Each structure stands twice: as structure tokens, then as C-alpha cells.
Amino acid sequence: MPSYKLTYFNGRGRAEVSRLIFAVAGEKFEDVRYEMDQWPAHKAEMPLGQIPVLEVDGVKLPQSAAIARFLAKQFHLAGKDNFEQAKVDAVVDTIDDSFKGFVPTRFEKDEAKKEELTKKYFGEELPKHLQNLETLGKLYGNGGHFFVGNQLTWADLLFYTFAQAWIGVEADCLNNFSWLKKNRAEVEKQPKIAEYLKNRPQTQF
Amino acid sequence: MSTYKLYYFNVRGRGEVARLIFAAADQKYEDIRYEREEWVSHKSEMPLGQMPVLEYNGVKLPQSAAINRFLANQFHLAGKDNFDQAKVDAVVDTINDMISKYRPIRMEQDEAKQKELTKTFLADELPKHLQNLEGLGKLYGSGGSFFVGNNLTWADLYFYDIAQHILELDENIFNSYPWLKENRQQVEKQPKIAEYLKNRPKTSH
């Protein structure tokens, strides 16, 4: 039985998909959370000076997607065979493409520029990616509500958590995307996820 | 007998790693290359209107990373178990972090500005990424010259391919990174890869 330790900031961010995977799988792990002022003292302990990092039986693994995919494979949430896992990966990559443009809008310091970037992102950029995600869900989802093969995979969990960040800024951003809305509703209904969402720490990001 | 078709432009770009994997595995595939004018009439055939796309037994898969990982898994170039595969993924993500900083610079139209941005990239950005990659190679490489577990994986092929773009900026760059230099030399020496490199089409990028 491997031991798992996940280290990240005290926020959802790039670690939450992995926490969701542990929750769905009903697997124990050490959930280490650093406040911003605690992190500098630990930076040098991490392979790339970044978090999240997953430690498995004492060996450290950086990079949030590598971590999530590893855990998903450990707990059968990655897709039932090699090609289905590839479809899941393609959805994940498309979710990442969607999220790339969002990050600069959050970190822009000039208020006027921030508003402009945010408007452009939600008005022009994000809808294209959401359209692509619906396309993949309909192509690979076997007619169901999950992205791939009629089963919950980490692609659904990743979309769930990143979309929460978008909805926090623009509550209506999924209004024109009923398949994606249904997908998130399906994820929230899963008993272990519903319980996790109810009890997890409420954080700023 | 599985069939593989790779659709991409007639360049290395985001398609070359898949071609390197096919070569290393000595696997037959249809290497479809569209010139720019041809592509226009095929765009709507692809799930996300983009390439590369892999068609596996008639089903289309977009997203270069998903394609590469799938092929690597098919042909035992992905890592020997789940955790080794995760290490390979972490190296790949770290290579991505490096190249994602460079791509916008390549897109810059103003030649003077591009020169300036390139200079900054080489001085301020690139070193930490190359140091990170050497760090991972030494952490996961079991004392050998490949990134993970003393075996060739697609992480080595990906670095080999991406490094070619970096070498065009500074042909001596790897003199300061002996581990990475040795890694590339080991990749080039693999007989099937040496033969592929000798015979592949010469393209602009």
C-alpha cells in the first residue's frame, strides 16, 4: 500500500483535481497546504522549486498533470484502455488550452487592462474552447454525460475544478453550453464528490 | 493489425515526436503531410479543426501530447510502470514549460523586437528550464543518460526534437549542460533513429 503526500498552497488551483481523485477513489493521503509566507522555506525541497508535488513512498513527482494522471491510473479513473486514456488526455489538453488565457487575466495589475483582458477572454477566447470541449464530449462520450466512455474520468474532474474558477469570475460563462453544464452536474452528484465538496476547506482560489 | 495515420503539415513542428516514436518502434504508419493550401479543405474533417491528428483504426485523436503518449504506450516507450510513466510525463511537462516561453517569440513579426526577446529568453528564461531538466534527468535517470529509468522513452525523443529549435538560437548552448548534451547524443546513436534522421524530409521547422 503506497503512501501518498500531496504538497501545495492552501488553495484549489492546480492541486484540486488530484484531491478530487483521492476523494472519488476513497484513498487516504497527506494533504500538505502551505500559506504563501510558509512556502519560501520549502521551495528548495521541491525538484523544480514549484508545487504541487506528489510524494509516493518518499519519491517526489512535480507537475500537476503528471501527478493527476498517475493518481487517476492508480485508481482506475484514467480510461479503460490505452486508446481511451488517450481520449481522456486529449480532453485534458483541450481543457488546458482553455485555461491558458485565463491566468494572465487574473494576474494583470492595471485595473483597466485587467477588465479588458477579462472581457476579451470570456467574450471571444473561452467560448471557442468550450465549443471544442463539447465536440469532444459528444465524440468520445458514448452518448453519456461524461467526457469519455460513459464513465467518470479525471478529465471530468479537471473540467469541474477549472470551470469553478471561470464561474467565480463570470457566473454565466457556461450558459450556452448545456452539455458541459450537465457534465458538471453529473460530477457533483457522485456521492463521494458531493461529500468532499461539502467538507473541503473554503479557499480564495 | 492496427492501422495508424498521422495528419500534419509538411514540417516537424508538433508532429515530429510522433514520427520519431514510430521510427524508434519500427512501426508502419501513413505519414500524411498537408501543404497550407491543401489544409483548408481538410480542416473540418478534424475534431478540433487542428493538426496533428492521429487516426487509429479509423478513430481520430487530436492534441499532440495525447497522440505522443498513446503511441509511446503502444510501443513500450512510455516508462515501465505507472510511476515511471509519471516521471516521463513530468519531464515532458517541464520541456513544455520551456518551449511555451519561446513560441510567442517565434511568432513575433517585428524582427528587431524578436531579436531582443530572443536575447532575453536565452539569458533570463532558458537557463532555469535547462537546469530543471538536468535535475530531473539526474533524479529519475538511474545514473544513465536517458531521462527515466535507464531506458529510451518519449521524453528523450521529445527533448531531442525541441532542442533542435533551441540549437538554432545558440548552437553551443548544450556545452554548458553536459548531461543534456550526452542525452541527445545517446538518442541520435539509436540505430533506428539514426536512420530516420538521415532520411527524413528536410523542412523549415
Side-chain angles (χ1 to χ4, degrees), chain A residues 2 4 14 18 44 46-50 52-57 59-76 78-79 81-98 100 104 128-129 131-140 148 155, chain B residues 2 4 14 46-50 52-76 78-79 81-98 100 103-104 128-129 131-140 148 155:
Chain A
Y4 301 105
R14 292 190 180 276
S18 291
M46 305 306 170
L48 307 179
Q50 296 174 324
V53 163
L54 180 74
E55 203 174 302
V56 184
D57 288 341
V59 183
K60 289 187 169 76
L61 180 77
Q63 298 287 8
S64 61
I67 292 168
R69 184 179 298 102
F70 167 71
L71 294 172
K73 279 154 77 175
Q74 291 288 91
F75 309 133
H76 312 295
D81 58 32
N82 200 9
F83 197 50
E84 253 194 25
Q85 290 176 13
K87 293 172 185 172
V88 172
D89 285 345
V91 174
V92 165
D93 288 350
T94 306
I95 295 168
D96 276 341
D97 286 345
S98 328
K100 268 194 191 93
K128 282 195 297 225
H129 295 293
Q131 194 58 66
N132 281 343
L133 285 168
E134 286 213 339
T135 297
L136 293 183
K138 290 167 186 171
L139 182 62
Y140 297 145
V148 179
Chain B
S2 293
Y4 299 92
R14 290 180 187 274
M46 307 304 170
L48 306 182
Q50 296 172 325
V53 163
L54 179 76
E55 198 176 300
Y56 172 65
N57 293 340
V59 183
K60 287 188 169 72
L61 180 77
Q63 298 287 11
S64 60
I67 291 168
N68 296 338
R69 185 177 300 103
F70 168 68
L71 293 173
N73 272 306
Q74 289 289 91
F75 312 131
H76 312 296
D81 57 32
N82 202 7
F83 199 48
D84 262 14
Q85 289 170 19
K87 294 170 186 173
V88 171
D89 286 344
V91 174
V92 165
D93 288 351
T94 306
I95 297 167
N96 275 334
D97 287 345
M98 173 176 77
S100 71
R103 285 207 176 95
K128 62 176 184 246
H129 294 289
Q131 273 154 35
N132 279 344
L133 285 167
E134 283 214 336
L136 291 184
K138 289 167 184 170
L139 182 62
Y140 298 144
V148 178

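Worth knowing before you read on, the calculation uses all heavy atoms, side chains too, and leaves out hydrogens, waters and symmetry mates. Everything numeric in this text was worked out from a predicted model, so none of it was measured. Residue numbering restarts at 1 for every chain, and letters A, B, ... go by the order of the sequence lines.
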Find out whether [X] and [Y] are in side-chain contact, i.e. whether some heavy atom of one side chain is under 4.5 Å from a heavy atom of the other.
| X | Y | value |
| --- | --- | --- |
| B:Val59 | A:Leu139 | no |
| B:Gln63 | A:Asp89 | no |
| A:Pro62 | B:Leu136 | yes |
| B:Leu139 | A:Val59 | no |

Do you know which of A:Thr94, A:Val91, A:Asp97 has the most heavy-atom pairs with chain B at a distance under 4.5 angstrom?
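Ranked by contacts with chain B, first place is A:Thr94.
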
Heavy atoms only, distances under 4.5 angstrom: which of A:Asp93, A:Asn82, A:Asn132, A:Ile67 has the most pairs with chain B? Name it, please.
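Of A:Asp93, A:Asn82, A:Asn132, A:Ile67, A:Asn82 has the most heavy-atom pairs under 4.5 Å with chain B.
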
Between B:Leu48, B:Val88, B:Asn82, the one whose heavy-atom pairs under 4.5 Å with chain A are most numerous:
B:Asn82

Partner chain A: residue of B:His129, B:Gln74, B:Lys87 with the largest heavy-atom pair count (under 4.5 Å):
B:Gln74

Over all atoms of both residues, closest heavy-atom pair of [X] and [Y]:
| X | Y | answer |
| --- | --- | --- |
| A:Ala65 | B:Asp93 | CB-OD2, 3.7 Å |
| B:Leu61 | A:Ala86 | CD1-O, 3.5 Å |
| B:Ala66 | A:Ala90 | CB-N, 3.5 Å |
| B:Ala86 | A:Ala66 | O-CB, 3.7 Å |
| B:Asn132 | A:Pro47 | OD1-O, 4.4 Å |

Using non-hydrogen atoms and a 4.5 Å limit, figure out which bit of [X] sits close to chain A: side chain, backbone, both or neither.
| X | answer |
| --- | --- |
| B:Asp97 | side chain |
| B:Phe83 | both |
| B:Ser100 | neither |
| B:Lys60 | backbone |

Quick one: what part of [X] sits under 4.5 Å from any heavy atom of chain B, side chain, backbone, both or neither?
| X | answer |
| --- | --- |
| A:Ser64 | neither |
| A:Leu136 | side chain |
| A:Lys60 | backbone |
| A:Gln131 | neither |
| A:Tyr140 | side chain |

